[in-house]
Each structure stands twice: as C-alpha cells, then as structure tokens.
K.L.:
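Below is the structure I would like to discuss, written out as structure tokens.
By convention in this document, chain letters (A, B, ...) are assigned in the order of the sequence lines, proteins followed by strands, and residues within each chain are numbered from 1. The structure presented is a predicted model; accordingly, all values stated were derived computationally and were not measured.
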Amino acid sequence: MKTLSEDFFTHDTVQAAQDLLGKILVHSLPEGTVSGKIVETEAYLSKDDPACHASRGKTKRNEAMFGPAGRAYVYLIYGMYYCFNAVTREEGVGEAVLIRALEPLEGIPWMQQRRGTSDILNLTSGPGKLCQAMGITRHHNGISLTESKLTILDSREDLKIESSPRIGIKTGVDKLLRFYISGNPYVSARHVRNKKAKKGPVSIRKGKKT
DNA sequence: GGTGGGATTAGCT
DNA sequence: GCTAATCCCACCA
C-alpha cells in the first residue's frame with residue numbers, strides 16, 4: 001500500500017469523501033504505529049453550506065481549511081475534543097472531509113490506554129474518539145498528510161456505501177453529505193436523532209471503481 | 001430501552 | 001457573553 005497523493009484530495013470534495021472510505025489512516029509514533037480503516041466521513045463545502053466552518057470566510061481557527069489539498073485541519077470542539085479533517089480542493093477554496101469513524105487495525109492496546117476503555121467498539125467510533133485514540137491534537141493542524149507521521153494509505157476493496165444527513169450540525173441538515181460503509185459496526189451514531197433532518201440513509205454505490 | 005444535561009476552551013460578535 | 005462538525009454518565013422507564 002502507498003500513501004495517497006495530494007492529487008487525490010484536489011479535485012472534488014464529495015468524491016474524496018466517498019473515496020476515502022476503506023482507506024487507512026496511519027499515525028507513526030515513538031510508542032509504535034496506530035492505524036485504522038476509514039468507515040465514515042462527511043463533506044464540508046465552500047458554496048451553499050452554512051454548516052462549513054469556512055462559510056464565513058477565513059479566520060484564525062479555520063485557516064488550515066484554506067490551505068493546499070492533502071493537509072490536516074484539526075480543531076477543538078465543545079472545549080474538549082478534537083476533530084480531524086483532510087483538506088480538499090485548491091489552496092484558498094476552503095473545503096474538507098471530516099473523518100468521523102475508523103475501524104481499529106494496529107496499535108489497539110495503545111488506543112485502549114488513550115481512550116481509557118478496553119471496549120474495541122468504543123475506541124474510534126466517533127470524530128472525537130478517533131482523535132483521542134490516534135493521538136491527534138491541535139499540533140497536527142495544518143501538517144501535510146503526504147509527508148509526515150500522519151498519513152493515509154491507499155487500499156482497494158469492494159464497499160457498499162450509503163449516505164445520510166450530517167450529524168451534530170444545526171444548518172444544512174438536509175444535504176446528504178455523510179458517507180459510510182453500510183453495516184460496518186464502527187460507524188458512529190447509528191441511532192443519533194437529527195431532529196431537523198427529513199431524509200434518511202440512501203444507498204449510493206455498490207462495489208469499487210478503479 | 002431512552003432522554004437530558006454537564007464538561008471545558010478558543011475564538012467570534 | 002455565547003456558541004460549537006462531541007462524549008459520557010446519571011437517571012427514568
């Protein structure tokens with residue numbers, strides 16, 4: 001397997017969000033390597049998307065989102081947790097893909113220690129959880145995902161993908177910009193109630209294109 | 001099974 | 001001052 005190139009993140013954010021499913025997020029640490037398969041993502045767009053942090057222009061908080069494709073955008077949410085995004089599109093556009101859940105692969109004992117639980121299903125099944133398990137913090141904000149300790153590896157397998165409204169936002173709720181691997185047990189919040197959302201899950205693709 | 005609220009901080013208005 | 005792309009625990013049924 002090889003590292004995804006900057007090119008992968010440049011063209012289209014929704015496409016990248018779907019194509020990131022099944023890829024492997026890897027963090028190489030002194031203690032050892034921690035990795036997991038991406039099973040859930042959300043796309044955040046620059047146009048007509050009030051839920052996107054970049055929608056009101058560049059600020060100190062979101063400036064990494066306006067950087068070149070293939071960088072990390074990490075921010076603190078609710079004062080306690082970090083969320084990890086892969087920046088997409090050309091520099092200055094301000095779009096990204098939020099990684100919402102992983103299936104743990106390597107470094108599980110270390111994840112259990114960081115998360116304070118031995119429950120495998122509870123290690124990386126949410127955006128805040130996976131950052132804690134993977135050791136991702138604000139220090140990773142803006143770093144390159146193609147040439148650092150934090151990378152995403154290519155992987156190819158057949159996937160059944162579904163989409164649904166995004167979770168935890170108050171605007172733009174009806175856009176189907178959340179993507180996940182159908183039936184995967186590590187997908188977060190399968191019973192989350194998004195009160196405003198009118199649309200349910202939609203199956204959008206079976207199998208894998210090359 | 002389900003719901004409701006608290007934790008805790010940076011940055012915007 | 002208030003909000004936020006969350007998580008966890010206490011409480012009720």
K.L.:
Rounded off to whole Å, could you give me the CZ-to-P distance for the A:R61 and B:dT9 pair?
P.N.:
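One finds 15 Å between P of B:dT9 and CZ of A:R61, rounded.
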K.L.:
Counting N and O atoms only, with roles assigned by atom type, does the side chain of A:T151 sit under 3.5 Å from a partner on the main chain of A:T146, one being a donor and the other an acceptor?
P.N.:
no
K.L.:
Distance between the P atoms of B:dT13 and C:dA5, in whole angstroms?
P.N.:
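Here B:dT13 and C:dA5 have their P atoms 13 Å from each other.
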K.L.:
Does any N or O in the side chain of A:R100 come within less than 3.5 Å of the main-chain N or O of A:S125, such that one atom is a donor and the other an acceptor?
P.N.:
no
K.L.:
Is there a Watson-Crick or G-U wobble partner for C:dC11 with both distances under 3.5 Å, and if so, which one is it?
P.N.:
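Check on C:dC11: paired to B:dG2, both distances under 3.5 Å.
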K.L.:
What distance, rounded to whole Å, do you find between the two P atoms, one in C:dA13 and one in B:dG5?
P.N.:
15 Å
K.L.:
How is A:L98 classified with respect to the nucleic acid when contacts are heavy atoms under 4.0 Å: base, sugar-phosphate, or nothing?
P.N.:
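Base: the residue A:L98, judged by heavy atoms under 4.0 Å, touches a nucleobase.
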K.L.:
Rounded to whole angstrom units, what separation is found between the OH atom of A:Y78 and the P atom of B:dG4?
P.N.:
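So the OH-P distance, A:Y78 to B:dG4, works out to 16 Å.
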K.L.:
From the options B:dC12, B:dT8, B:dT13, select the nucleotide whose nearest atom is closest to the side chain of A:K60.
P.N.:
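Nearest listed nucleotide: B:dC12.
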K.L.:
Identify the 5'-most and 3'-most nucleotides of DNA chain C with at least one atom closer than 4.0 Å to a non-hydrogen atom of chain A.
P.N.:
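Nucleotide range with atoms under 4.0 Å of chain A: C:dA4 to C:dC8.
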K.L.:
Just checking, any donor-acceptor pair under 3.5 angstrom between side chains of A:E162 and A:S203?
P.N.:
no
K.L.:
Is the number of heavy atoms from other residues, nucleotides or ligands under 6.0 Å of A:D119 CG greater than 12?
P.N.:
yes
K.L.:
Please confirm whether the shortest side-chain N or O distance from A:T59 to OP1 or OP2 of B:dC12 is below 4.0 Å.
P.N.:
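For B:dC12, OP1/OP2 do have a side-chain N/O of A:T59 under 4.0 Å.
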K.L.:
Does any N or O in the side chain of A:E42 come within less than 3.5 Å of the main-chain N or O of A:L177, such that one atom is a donor and the other an acceptor?
P.N.:
no
K.L.:
Are the side chain of A:Q112 and the backbone of A:S118 linked by a donor-acceptor contact shorter than 3.5 Å?
P.N.:
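Yes; judged by distance alone, with no hydrogens or angles, the pair exists.
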K.L.:
Regarding A:G79, tell me which of base, sugar-phosphate or nothing describes its non-hydrogen contacts under 4.0 Å with the strands shown.
P.N.:
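Base: the residue A:G79, judged by heavy atoms under 4.0 Å, touches a nucleobase.
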K.L.:
For B:dT8, give the paired nucleotide (Watson-Crick: N1-N3 plus N6-O4 or O6-N4; G-U: N1-O2 and O6-N3; both under 3.5 Å), or none.
P.N.:
none
K.L.:
When the P atoms of C:dA10 and B:dT8 are considered, how many whole Å apart are they?
P.N.:
15 Å
